[in-house]
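Order of listing sets the numbers, starting from 1, for every ligand and every atom in it.
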Amino acid sequence: MFTAFHLPKLCPTNIIAIALWVVSGFFNTAGAQFTTPAPVPPTLSGNTINLTLQNGTQQFYPGYNTATIGYNGNHLGPTLVLQKGQEVTINVTNTLGDTTTTHWHGLHVAPVNDGGPHSHIMDGETWSPAFTVMDNAATYWYHPHLHGKTLKQVVKGAAGLIIVQDNTENAIALPRTYGSDDFPLVFQFLTFNNATKQIEMTDDADNAVLVNGVIQPYLDVPAQVVRLRLLNASSHRFFEFSFSDNRTFYQITSDCGLLNAPVSMNRLMLASGERAEILVSFAGQSGSTLYLKQLGTQLPAGYPGGPAGMGMGGMALGPLDNTDFNLLKMNVTGPTANAITNIPAELVQNTVWSSAGTFIRNITITASPMMSTTNFFLNGVKFDEEVINFTAIQGNTEIWNITNQSMMPHPFHIHGNHFYVLSVNGATPPANQQGRKDVITIPPMMGSVQLIIRYEDFADPDMPYMYHCHILSHEDNGMMGQFLVLPPATGTLPQNPANQNPAATLYPNPAAETLTLQLNPALLTFGKIEIFNTSGQPVLQQNITQTFTVLNIASLPSGLYFVKITGAGITSTLKAVVEK
Ligand code: C2O
Ligand code: CU
Ligand code: CU
């Protein structure tokens, strides 16, 4: 089981253990050394899909039976192929002997169908979400999401891909013959116990990488343009993908859809939870071999998998950190009939939502103690299943400013609703991050990301969506929050314990002389504000005629006050503390 606080990182036993890994672990016994084919997971499609979560065993190392979890098999799961606009019912049966959930990562579904930590599937039970596929063509995935056990179940193999197809994508000349010129590739850094080869429920010293469940496999690819659907399903580490001949390739999707145009690159970083589809041309190269590689030395310092960073203090690197090594051998075979040989010039037109008048939400990541690499907070708090961290309104667009005051990067993920990245550290994001996304890395040490998100559908006053760090040990340790999407402008907003809700923000808190009320004009038109003391007596009333209203509270004694805001169609109550 994962423990919240790791051992001090510089103790001599760690150094010895790492030396042993390097000598006897990865380099000598790591499976088949590119002689086993990378399995292509089977597909499931149609209106009814049945998935069974089961315990199994798998031989990752010859002669060792490793305990695993899979969907419909011993390890990993089938690829679900869904068409935009179709109806689907997915029956997920749990035979694990333990509670679980199954989350459709990246799909725009109602909170009740999302499979987050509230949607428990007890052992022996079946959970059957039914929904319309509303997403654009891209590669999504599914995995368990039980709070505190996500890492444990995902590292043992409970993960599978979802391919969504649509008419727009179908009309573009792209490789799309699954297993022939279109390959799913699931990458997972894992920690195998050096003696027993069992998967350890930790992530700080990963010592192997599985590609579609195999250590060092090979893949035969035809001599033409090939599509690779890359998923980083690791609990923790980043990939910096490249090819052994440093060839150029083209990213065509971000997490949740096609980019405007293929983005040419020779290195691609993917954080835990992120996906990218890339096009690589092997045209005319029949008979050659090359490798897909991890360039750990090229990751930014302090990124898991890369060189040591400032905040890591004495934390030892894992045996595969800050090194470059081959992940997958690729043998180029003859071309198929009707081979795609060109990289398209354009793909789709992504239109970023207007940010005019949107509500600004601020999220700050902190660590405790400040140098901790395991214990993180979002806006000062940890996940509590009973606490809704904020509410949003269906139909609204919001800007989230996420600031990282910790020493580590965090891949930040939002459930159910896609976003566009407006800036990273104040600058326009690179072209490959300008499409629809659901995971974005917040750089360390006061790094910041501004994103714009729209809650198009699925108001539900009871069931929340999650937002969290996709480093699974951080998530399991409470680096997660939840929000409700409420119906547009109906009645009373729930009272928020903080001095902020989607309609208005009050500051400073506590206040002494003046209190400023900032309205979200998209939500609340002008009306009136009333302040009540704790015995319910009105102590101040004022009309609201502009977005910012400054209230003179010099005469109010110290204490707690309730601030009631009434606008067109909405009443909202906030708390304010006056302190002299
Ligand atoms: Cu892939 Cu909330 O997770
Ligand atoms: Cu998700
Ligand atoms: Cu994190």
Task: Residue His105 atom name (nearest to atom 1 (Cu) of ligand 1; N/O/S) - done: ND1
- [ ] Salt-bridge test for Asp255 and Lys437: reply yes if a basic N is under 4.0 Å from a carboxylate O, no otherwise.
- [x] yes
Task: Centroid separation Tyr467 to Phe383 less than 6.0 Å - done: no
- [ ] May I ask you to check if any N/O/S atom from His413 comes under 2.8 Å of atom 1 (Cu) of ligand 1?
- [x] no
Task: Under 2.8 Å: N/O/S of His103 next to atom 1 (Cu) of ligand 1 - done: no
Open item on the list: For Leu185 versus Val211, what's the shortest heavy-atom pair and its separation?
Closed with: CD2-CG1, 4.0 Å
- [ ] Just give me the atom name: the N, O or S atom of His474 closest to the Cu ion (ligand 3).
- [x] ND1
Task: Nearest-0.5 Å distance that lies between atom CG in Asn401 and atom CD1 in Ile399 - done: 7.0 Å
Open item on the list: Within 2.8 Å of the Cu ion (ligand 3), is there any N, O or S atom belonging to His410?
Closed with: yes
Open item on the list: Angle between ring planes, His103 versus His143, binned at 30° and 60°: parallel, tilted or perpendicular?
Closed with: perpendicular
TODO: Assess whether side chain to side chain contact (heavy atoms under 4.5 Å, CB included) is satisfied between Tyr140 and Leu161, documenting all intermediate values.
DONE: CA-CA 6 Å; Tyr140 305 85; Leu161 286 178; over 6 Å; no
TODO: Look at the N, O or S atoms of His103, main chain and side chain alike, and state whether any lies under 2.8 Å from the Cu ion (ligand 2).
DONE: yes
Open item on the list: Regarding His413, does it place an N, O or S atom less than 2.8 Å from the Cu ion (ligand 2)?
Closed with: yes
